[in-house]
Amino acid sequence: MQMTSLSKDSRTSAQARVRRKNFRRLVILVLFVLLAIVFTLRPPFVLRPLKDQASRGTGSETGQSAASKFVDPIWTSEVLPTFEEKAQDIAKVLPEIRADPDAAGQKYGRREATNPYNYMVRGTGKVTEIHNESRAGTATVEIPGLNEKVAFQIGPVVRGTALRDATGVVSFNQFSNQLDYADVSKELNGRALKAAFANVDPASLAGKTVTFFGAFTFDPHLKTPVLITPVRITF
Amino acid sequence: MSKHTSITWKSVVSCLTMLTLLLTAAAIVQPTLAQEKKLIAIIVPSPENPFFKAEADAAETKAKALGYDTLVLVHNDDPVKQDQLFDTAIARKAAAIILDNAGADATIAAVKKAKDAGIPSFLVDREINATGTAVAQLVSNNYQGATLGAEEFAKLMGEEGDYVELIGKETDTNAGIRSKGYNDTLSQYPKLKKVAAQSANWNQAEAFQKMQTIIQQFPNIKGAISGNDTMALGAYAALKAAGKGKVIVVGFDGSPDVAESIKAGEIRATVLQPVVHLSELAVDQADKYIKTGKTGQDEKQTIDCVLINPDNVKNYTSFGLKD
């Protein structure tokens, strides 16, 4: 009896030991699995390709050249011809836009989602003021038949994304992120100003009658004149 | 030994199975109780931040107005948690998911899982690094917003003088995008000189301390441009306490506190991320998709940010702007 119970006891305690051991192993295994899951889902480090690092490091240069590569094939073959073809007479459309921004927007403009509408326009008028006290310089133009003045950008700082957003040639869906998309806008703005003022110093335009092609974004809340990014100016 | 192991394993497995069955049963019972209305699940980072609260509230209100039941879930920027919330949305047979996600890469799998279960996802605020998985990605254009803020800042500065930049949490994509937008714009003004740039991790108290130190080092700074509104508030408080309440401070987000500050003539401007509008738009597109199978829009859509300054602050509503 005693023998049996002893051996039974020792057997049970041996069993218990094994069970404890197994349990410990199981706990460790579960911990490992959990750790593996956590690390997979939230890695404590991030792998980034070197190329990415490099482009971040050198900043706009690499971005600019990528944007430049994007714009090169479309600038003369698509962007400029689109203006020639589709730009509206500003003296005709601006009053319509003021009267009913949504209706005019759908008719003449282009926009992404619910952003303000962008327009491609052309017009002829007299340059009455040159503002170059700011780096974001502008020229004010009076257009016959239009009861408000408009302005076009003369640089060197060019604002906005009207040019990129007005033609329909470029859309956000073509880019992996908003930085690349923004770089293309800067590239387009730079080329536009360069083309518009290739043969003339903007400051010398005061008093002259000019014909322009350009794009603007219409913000009904702004009290300042409509601001056009010119792609071509002749006089 | 192998016998014992298998017993232990068996008990663990059966426990897990029971648990899963229970959870599934619970999940199945709930929707059958209220089956008349379709459900839109709204998954957001954290309601403690007023920005995300406004975002969730707007989506919920819009969805209810369109006749949906809503389920608002919070992932606290934890992708694991987010994944579980997607399981919940799938189990509840949501008709659509509105999501402000917990990571551009980590979220792709969850959105795909929902897609495979026949549930379309509509992303707001933050984008993911994949296309063709979500039905829509409505992103507020942080870069465009930063350029707006920087242009206003340059104007207020008279295009010259010393200024400092407060940067957000450096691991956050938006901190980098906003900072790049600021610097791309401000570097075009040669008379504007950035004397210091520091991260205050989106945090008000940290911005207060950093600004105190900056003031001692550069007592003549004329302006401070900040990656978000909470840091702008901290920075302005430090400036005001040092008797420099006239220093030009510009923020980013369009928070109610900064709108009040602008009304009081303290902080000069901020950039509104129209999150209420984003949320409503996402629900609208979800509704259209549920009814017609398409949204009629591109997947990736950027929504422009709007400058808030003394001219239009009277039209400000919590993270939105009245016409």
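Chain letters run A, B, ... following the sequence lines, proteins first and then strands; every chain starts at 1. What's counted below: heavy atoms across the whole structure, side chains too, no hydrogens, waters or symmetry copies.
Of the inter-residue distances, the one linking A:E112 atom CD with B:D298 atom CG reads 6.5 Å to the nearest 0.5 angstrom. Considering CG of B:L138 and OG1 of A:T114, their distance stands at 8.5 Å, rounded to 0.5 Å. For the atom pair CG of B:L307 and CG of A:L222, the computed distance is 9.5 Å after rounding to the nearest 0.5 Å. Atom CD of B:Q137 sits about 8.0 Å away from atom CZ of A:F172, to the nearest 0.5 Å.
For the options A:A182, A:S171, A:P156, heavy-atom pairs under 4.5 Å to chain B are most numerous at A:A182. Ranking B:E151, B:E127, B:Q301 against chain A, the residue ahead of the rest is B:E151, based on heavy-atom pairs under 4.5 Å. Interface check for chain A: of the options B:T147, B:N142, B:T131, the most heavy-atom pairs under 4.5 Å are formed by B:N142. Interface check for chain A: of the options B:I177, B:D311, B:V306, the most heavy-atom pairs under 4.5 Å are formed by B:I177.
In terms of modelled atom types and a separation under 3.5 Å, the side chain of A:N115 and the main chain of B:T302 share a donor-acceptor contact. Side chain of A:Q178 to backbone of B:Y143: a donor-acceptor contact under 3.5 angstrom is found. Counting only distance, with no hydrogens or angles, the side chain of A:R135 and the backbone of B:Q188 share a donor-acceptor pair below 3.5 Å.
Side-chain atoms of B:Q144 and A:T161 form no donor-acceptor pair, as typed in the model, at a separation below 3.5 Å.
Atom NZ of B:K155 is surrounded by 12 or fewer heavy atoms from other residues, nucleotides or ligands within 6.0 Å. Atom NZ of B:K194 is surrounded by more than 12 heavy atoms from other residues, nucleotides or ligands within 6.0 Å. Atom NZ of B:K193 is surrounded by 12 or fewer heavy atoms from other residues, nucleotides or ligands within 6.0 Å.
Smallest separation of non-hydrogen atoms from B:K300 and A:F175: NZ-O, 3.8 Å.
Using a 4.5 Å cut-off between heavy atoms, B:L281 touches chain A through its side chain atoms alone. At a 4.5 Å heavy-atom cutoff, the contact between A:Y181 and chain B is made by side-chain atoms alone. If you measure heavy-atom distances from B:E159 to chain A, the contacts under 4.5 Å come from the side chain alone. Of the atoms belonging to B:Q297, it is side-chain heavy atoms, and not backbone ones, that fall under 4.5 Å from chain A. Heavy atoms closer than 4.5 Å to chain A are found in the side chain of B:V139, but not in its backbone. Neither the backbone nor the side chain of B:T295 comes within less than 4.5 Å of any heavy atom in chain A.
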Decide yes or no on side chain to side chain contact (heavy atoms under 4.5 Å, CB included) for A:H221 and B:N312, but give the supporting numbers first. CA-CA 9 Å; A:H221 303 291; B:N312 64 356; over 6 Å; no
